[in-house]
Protein chains: 2
Amino acid sequence: MDTQRGVPRTHARATEPGATGRAGARDVPTATVARLPGYLRVLNGLTADGVVTTSSEELAAGAGVTSAQLRKDLSFLGSYGRRGVGYDVLHLSEQISVVLGLTTQRRVVIVGIGNLGHALASYSVFAERGFAVVGLVDADPALVGTTVGGLMVQPPASLHDVVSGADATIGIIATPAAVAQDVCDELVAAGVVGILTFAPRALRVPAHVDLRAVDVASELQILAFHDRRRTGTGA
Amino acid sequence: MDTQRGVPRTHARATEPGATGRAGARDVPTATVARLPGYLRVLNGLTADGVVTTSSEELAAGAGVTSAQLRKDLSFLGSYGRRGVGYDVLHLSEQISVVLGLTTQRRVVIVGIGNLGHALASYSVFAERGFAVVGLVDADPALVGTTVGGLMVQPPASLHDVVSGADATIGIIATPAAVAQDVCDELVAAGVVGILTFAPRALRVPAHVDLRAVDVASELQILAFHDRRRTGTGA
DNA sequence: TAGATTGTTAATCGATTAACAATC
DNA sequence: TAGATTGTTAATCGATTAACAATC
């Protein structure tokens with residue numbers, strides 16, 4: 001009840017279909033991939049603090065996992081530590097970035113500029129972590145043409161052009177649930193290979209597209225399950 | 001790469017410490033608990049469509065899981081279906097609500113009313129799914145005293161009173177990462193038993209408090225991992 | 001009865017944990 | 001060398017899948 005958790009997935013295992021294949025990056029378990037961003041975050045913080053070397057113990061504590069878990073996770077990437085010494089913060093950070101594919105900036109399009117989409121479009125953390133929001137789309141005529149986070153909101157009919165024109169590979173869906181599947185299909189048709197949806201509804205995507213879903217109301221309902229056990233109400 | 005996933009957790013198993021214990025609700029695996037909100041969502045949709053009876057096949061398809069998975073999950077709650085017939089939509093919906101502890105309305109306080117907090121404070125889906133936002137707190141003097149989603153924003157010094165005064169059991173953290181742990185500690189001291197954080201930082205909570213973390217930038221980084229394999233860039 | 005569909009069992013699979021040999 | 005810490009192995013644990021007997 002007290003540990004931080006990453007994100008689960010019924011994900012296909014992360015095998016390496018790539019041509020030559022970078023050493024070490026092959027066949028990383030999905031559970032490990034989901035924790036890598038957390039490690040990277042801690043490493044970046046250490047770098048900002050001027051820390052040059054770290055240990056599995058320190059890194060794990062910062063990320064909220066055990067040192068055994070951390071070493072096991074890193075072992076799937078390769079051997080980037082030195083026994084008896086620890087890990088070079090900058091080098092490990094770079095290796096994880098390479099494995100996650102963050103050495104190239106990914107371009108993101110957000111569909112649905114309501115309260116949530118608006119917040120995401122203005123979210124500075126995206127830029128800090130290597131993503132560029134390159135397009136905004138909304139169906140509300142009152143919203144189309146306005147500027148949010150420095151970008152002009154485009155109409156739904158422009159979705160394909162916005163995605164392909166900016167060469168976006170990731171789409172974020174922040175629309176009402178009712179239209180989420182249609183938007184999803186259009187994003188896929190336009191060429192995105194990854195989708196992050198906030199719409200409370202199951203979406204279908206082809207096998208070559210990666211889908212991740214965040215449902216904040218479901219998160220609260222999961223909290224309610226444990227809440228009930230502590231406050232005694234609810235049954 | 002194509003399935004919907006719930007939320008992973010390094011969660012303690014959901015054992016039943018409650019006194020008498022409702023039949024069936026004991027010892028539900030965390031992976032199952034995380035999928036229950038999805039089933040509930042589909043059941044509510046079926047109810048709205050006037051559907052009276054459903055099958056594991058139909059329900060699973062709507063939730064994006066296999067029928068085997070669904071039946072296995074429901075088996076932890078009890079036997080609420082009829083062989084050869086299926087499930088009564090209303091009855092099953094009610095049983096899941098009881099297990100999740102949704103028969104009592106939970107009160108939620110949101111700390112950090114920036115872009116994201118603002119969006120969450122105005123998020124109608126919370127009310128639809130049985131949660132009441134009863135307090136808003138922010139450190140920005142320019143924001144304190146303003147009204148968002150019908151509630152007046154309170155200063156940080158009022159956090160404890162806002163939580164205990166409204167008897168809130170769940171806290172949502174939408175503050176900058178730098179202050180997230182302090183806010184978390186204050187929420188716990190004020191008596192919440194569940195915390196949902198959007199701050200990109202690992203948080204520590206005592207064993208009796210349940211913590212769930214949503215990190216949208218990490219979600220994008222996980223998508224980038226697969227993106228790299230398809231677009232070939234990034235290594 | 002015959003057909004349908006659940007609930008459960010058993011097998012498989014993947015993830016976590018702990019311990020320690022390797023080695024800096 | 002002695003102490004420290006990694007990387008790996010093996011054991012455990014939990015979750016998923018498939019098949020089917022129970023039963024409506």
Side-chain angles (χ1 to χ4, degrees), chain A residues 2-15 23-24 27-36 38-39 51-61 63-89 91-92 95-96, chain B residues 2-15 23-24 27-36 38-39 51-61 63-89 91-92 95-96:
Chain A
D2 55 356
T3 41
Q4 195 93 340
R5 33 221 120 69
V7 187
R9 52 250 47 270
T10 312
H11 239 174
R13 165 157 293 231
T15 42
D27 210 24
V28 183
T30 54
T32 294
V33 172
R35 281 186 293 265
L36 293 181
Y39 301 154
V51 177
V52 173
T53 304
T54 187
S55 64
S56 63
E57 203 61 62
E58 180 180 43
L59 193 42
V65 302
T66 65
S67 62
Q69 172 101 266
L70 178 115
R71 289 198 302 279
K72 183 69 170 158
D73 281 340
L74 293 187
S75 76
F76 290 110
L77 314 188
S79 294
Y80 299 126
R82 282 177 63 196
R83 288 162 134 105
V85 179
Y87 301 90
D88 180 273
V89 173
H91 184 244
L92 182 57
Q95 294 307 320
I96 294 179
Chain B
D2 54 359
T3 41
Q4 195 90 344
R5 32 222 119 69
V7 188
R9 52 245 50 272
T10 313
H11 236 174
R13 164 156 296 231
T15 43
D27 209 25
V28 183
T30 53
T32 294
V33 172
R35 281 187 293 265
L36 292 181
Y39 301 155
V51 176
V52 174
T53 303
T54 187
S55 64
S56 62
E57 202 61 60
E58 181 180 43
L59 194 41
V65 301
T66 65
S67 62
Q69 172 101 268
L70 178 116
R71 289 197 303 278
K72 183 69 170 159
D73 282 337
L74 294 186
S75 75
F76 290 110
L77 314 188
S79 293
Y80 299 126
R82 283 176 64 197
R83 289 162 134 103
V85 179
Y87 302 90
D88 181 274
V89 173
H91 184 245
L92 182 57
Q95 295 307 320
I96 294 179

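Order of the sequence lines fixes the chain letters, A, B, ..., with proteins taken first and strands second; residue numbering starts at 1 for each chain. Keep in mind it's a predicted model, so treat the numbers as computed, not measured.
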Compare the minimum distances between each of D:dA15, D:dT6, C:dA18 and the side chain of B:Thr30, then state the nucleotide with the smallest one.
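Output: D:dA15.
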
Could you check which of D:dT6, C:dA18, C:dT16 has an atom nearest any side-chain atom of A:Ala31?
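Within the option list, the nearest is C:dT16.
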
Residue closer to the 5' end of DNA chain C, A:Arg71 versus A:Gly84 (nearest nucleotide):
A:Arg71

Name the residue closer to the 5' end of DNA chain C, choosing between A:Val85 and A:Lys72 according to the nucleotide with the nearest heavy atom.
A:Lys72

Under 4.0 angstrom, heavy atoms only, what part of the nucleic acid is B:Arg82 near: base, sugar-phosphate, or nothing?
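Sugar-phosphate contact only - B:Arg82 comes under 4.0 Å of backbone atoms but never of a base.
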
Nucleotide [N], atom [atom2] - distance to [atom1] of [X] in whole Å:
{"X": "A:Leu74", "N": "D:dT8", "atom1": "CG", "atom2": "C1'", "value": "13 Å"}
{"X": "A:His91", "N": "D:dT6", "atom1": "NE2", "atom2": "P", "value": "16 Å"}
{"X": "B:Leu70", "N": "D:dT17", "atom1": "CG", "atom2": "P", "value": "13 Å"}
{"X": "B:Leu59", "N": "C:dT5", "atom1": "CG", "atom2": "P", "value": "14 Å"}

On a plain distance test, is the side chain of A:Arg83 in donor-acceptor contact with the base of D:dT5 below 3.5 Å?
no

Give me the one residue out of A:Gln95, A:Arg82, A:Arg71 that meets side-chain contact (heavy atoms from CB on, under 4.5 Å) with A:Tyr87.
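Passing option: A:Arg71.
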
Quick check for you: to the nearest 0.5 Å, what is the distance between A:Ser67 atom OG and A:Leu74 atom CG?
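A:Ser67 OG to A:Leu74 CG: 11.0 Å, rounded to 0.5 Å.
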
So what's D:dA21 paired with, Watson-Crick or G-U wobble, going by both distances under 3.5 Å?
C:dT6

Provide the Watson-Crick or G-U wobble partner of D:dT12, both distances under 3.5 Å; none if there is no partner.
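C:dA15 is the nucleotide pairing with D:dT12.
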
So, does [X] get its side chain near the phosphate of [N], meaning an N or O under 4.0 Å from OP1 or OP2?
{"X": "B:Ser56", "N": "C:dT6", "answer": "yes"}
{"X": "A:Ser67", "N": "D:dT6", "answer": "no"}
{"X": "A:Tyr87", "N": "D:dG7", "answer": "yes"}

Which heavy atom of A:Thr54 sits nearest to which heavy atom of A:Leu59, and what is that distance?
OG1-N, 3.9 Å

Measuring only between side-chain heavy atoms, which start at C-beta, is A:Tyr39 closer than 4.5 Å to A:Ile96?
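They are in contact (side-chain heavy atoms under 4.5 Å apart), so the answer is yes.
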
Check whether any side-chain heavy atom of A:Leu77 lies under 4.5 Å from a side-chain heavy atom of A:Leu92, and answer yes or no.
no

